[in-house]
Structures are given as structure tokens and as C-alpha cells.
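Let me begin by presenting the structure, written as C-alpha cells, before commenting on it.
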Amino acid sequence: MKTIYQLICAVCIICGFTACQDRDLPGSGEMQLLTPDASSITGTLTGENNYDYTLTWTPSNQNATMQVAVYKNGTQQQALTPCTGNSFTLKNLETKQFYEFLFKYANADALSNGVMTSYTRPGASSPTDLAFTQIDIDEENHNLEVTWKASEDATSYILKMENNDGSRVIEETVSGTSYLLEDVVLKESWDATLIAQNSEGKALPIYGSTKIGGKIPAFLSEYATPEELIANGDDDEARRHQYRGGHCRLSHALLAARP
């Protein structure tokens, strides 16, 4: 009996889902709009680095507009949206994610049955944890190390870096998970773009930025107690403190990157 009950429930759920997905808008009688022809819908990678996916279909002679909904890994990303012409482009698909596209014709009076297509974009997984470490060789010379957590299947990475005034642009293909940028300048800002790639394609880029600063001793303050230090110290400046001989010494190090 339990098995029969479960079968009946499953049939009810399936029928209910079908009814929600595939029926005309209010009204009764025969379907007014034909279902989109799944065999006429084709998909092509487009855009920079083939990040986008464009679906096209044969124009319909019905007085109706194609509407498309998008799902990623079973979660709706876009509700049914009218399309202009006979194409739809989804931008910036992540690699190794399962995308589904629901197509229905619609006009003011009716909504057709729907058909679905799916696609998974091949290519490397994205790296993570892009980070920057300033290396001070001496007061006049500074380098910048860029590091990241490896992609599980990338064979190399494209790293692009540009400073704030555009006077230096670095673009390198790196096989490891770090890069040393030499001769950076105090108060200089840097933007980084990192793309993992393999023979199947490129991951979406990840981004990061940093500003080069220098620790230059500026002045020394003394406070009688740690409480006074906390109450009166300048929180906007980098500081290190020591408690010696009953006095708190607050050594302020102004960041050279500050205006």
C-alpha cells in the first residue's frame, strides 16, 4: 500500500509540474500557440574569450514572441523574458556549470508549451584568493608579489597588471601561482586581472587591486597607561606599541601612500 501511495503522489507531482510549465494563459480550449521547435534552436559560444553563449532559432510565423528563462544548476537565474528577433545571449557563463534554457512563445492572450535545452561551458576552473605582498628591498626600492590559489585543472594563467596612470602595463602567461612585479613606486596603485586556462577554454577572470605604501617613522607619543593609548591613539595611522617601565610608547608609522 505504501508503494502504491508513493506512486500516486509522484504522478500527481509530475502532472502538476507539467500543468505549470506548459499551458496557455487564462482561457480554455485548444492551444493557441505552437510549441517552439527544439531542433531549430542552436547554441554557439560568442564574445571575448568565448565567455558568452548565443542561442538562435528559426523565426515563427505565429503572432508571438519567444520568451527565455535561464537556470543554473537547477536554480532560476532569469525569469521568462521576451527576446528581440530570433536570438538570445547569456553573458559570462562560468565553466563546468549546468545551464538550462526554457523557451516559450507568448502573446497577449496565450503562452505556449515550453521546451528546454542545456549547456555546460568547458574550460579551466577559476583560481581564488588573489593577494598582494609588498616587498621593501630598501627605502628606495620596492617589489610587489602577486599570489593566488591554484585552479584544479588550469595549465597556465594569464596575468595582466596595470598601474593607476597607465604608464606600466604587464601581461604575462604564468605556469605557477605567483608573480613578482619589480620596481613599483610608493603611492602607486595596481589593478590585476587573472585568468586560468587549459586546452578546453578560459575561466572567467578574477580581479584584485592594491596600493603601494611605505612605513616611514614619523613621531613618537608616550602614554601613562594602555587605556590612555587606546583612548588617545590615532586609529587612522598604522601603529605598534610597547609597554615599558610603566609607560606606553606608541610609535606611529605613517603610510606613505596616504595623501
Could you grab the distance from atom [atom1] of [X] to atom [atom2] of [Y], nearest 0.5 Å is fine?
X: L130; Y: I206; atom1: CG; atom2: CD1; result: 5.0 Å
X: N73; Y: F98; atom1: CG; atom2: CZ; result: 8.5 Å
X: S112; Y: Q32; atom1: OG; atom2: CD; result: 11.5 Å
X: N141; Y: E182; atom1: CG; atom2: CD; result: 10.0 Å
X: N50; Y: T44; atom1: CG; atom2: OG1; result: 10.0 Å
X: T193; Y: E171; atom1: OG1; atom2: CD; result: 9.0 Å

Verify the distance criterion only: is there a donor paired with an acceptor across the side chains of [X] and [Y] at less than 3.5 Å?
X: N163; Y: S167; result: yes
X: T46; Y: T54; result: yes
X: Q197; Y: S156; result: yes

Are the side chains of [X] and [Y] in touch, meaning some heavy atoms are under 4.5 Å apart?
X: Q62; Y: L34; value: yes
X: L181; Y: M161; value: yes
X: K72; Y: E94; value: yes
X: H142; Y: V185; value: no
X: L102; Y: V68; value: no
X: Q67; Y: C83; value: no
X: L55; Y: T117; value: yes
X: T58; Y: I41; value: no

Would you say [X]'s side chain and [Y]'s backbone share a donor-acceptor pair under 3.5 angstrom?
X: E200; Y: A124; value: no
X: N143; Y: D183; value: yes
X: Q77; Y: T75; value: yes
X: S39; Y: D37; value: no

Crowded around E139 CD? As in, over 12 foreign heavy atoms under 6.0 Å?
-> no
Answer yes or no: does atom CG of N86 have more than 12 heavy-atom neighbours from other residues, nucleotides or ligands under 6.0 Å?
-> yes
Closest heavy-atom contact between [X] and [Y]?
X: E145; Y: S178; value: OE2-CB, 4.3 Å
X: Y105; Y: L33; value: O-CD1, 3.6 Å
X: S151; Y: A196; value: CB-CB, 4.1 Å
X: D191; Y: S209; value: OD1-CB, 3.2 Å
X: L194; Y: P127; value: CD2-CG, 3.7 Å
X: N107; Y: A64; value: CB-CA, 4.3 Å

Tell me whether [Y] is reachable from [X] by hopping between hydrophobic residues (I, L, V, M, F, W, Y) whose side-chain heavy atoms are closer than 4.5 Å.
X: I195; Y: V146; value: no
X: Y119; Y: L204; value: no
X: Y179; Y: V184; value: yes
X: L45; Y: W57; value: yes
X: I135; Y: L144; value: no

Let me see the working for D136 and Q134 under side chain to side chain donor-acceptor pair (under 3.5 Å), right down to the final yes or no.
-> CA-CA 6 Å; D136 298 318; Q134 181 177 323; 2.6 Å; yes
Run the numbers on K160 and E172 for salt bridge (Lys or Arg N to Asp or Glu O under 4.0 Å), then give the verdict.
-> CA-CA 7 Å; K160 181 178 179 179; E172 297 284 351; over 6 Å; no
Is there a side chain to side chain contact (heavy atoms under 4.5 Å, CB included) between L93 and Y51 once you walk through the steps?
-> CA-CA 6 Å; L93 277 72; Y51 287 152; over 6 Å; no
Per the ring pair (Phe, Tyr, Trp, His ring centres under 6.0 Å) rule, which among F101, F88, Y99 passes with Y53?
-> F101
Please walk me through it: do T42 and T56 pass side chain to side chain donor-acceptor pair (under 3.5 Å)?
-> CA-CA 6 Å; T42 58; T56 58; 3.1 Å; yes
Are K96 and D153 within salt-bridge range, i.e. N to O under 4.0 Å?
-> yes
Stepwise, does the side chain to side chain contact (heavy atoms under 4.5 Å, CB included) test hold for E188 with N164?
-> CA-CA 7 Å; E188 192 175 45; N164 51 293; 3.6 Å; yes
Are W190 and F132 an aromatic pair by the rule of ring centers under 6.0 Å?
-> no
Taking it one step at a time, do I158 and V174 satisfy side chain to side chain contact (heavy atoms under 4.5 Å, CB included)?
-> CA-CA 6 Å; I158 301 170; V174 183; over 6 Å; no
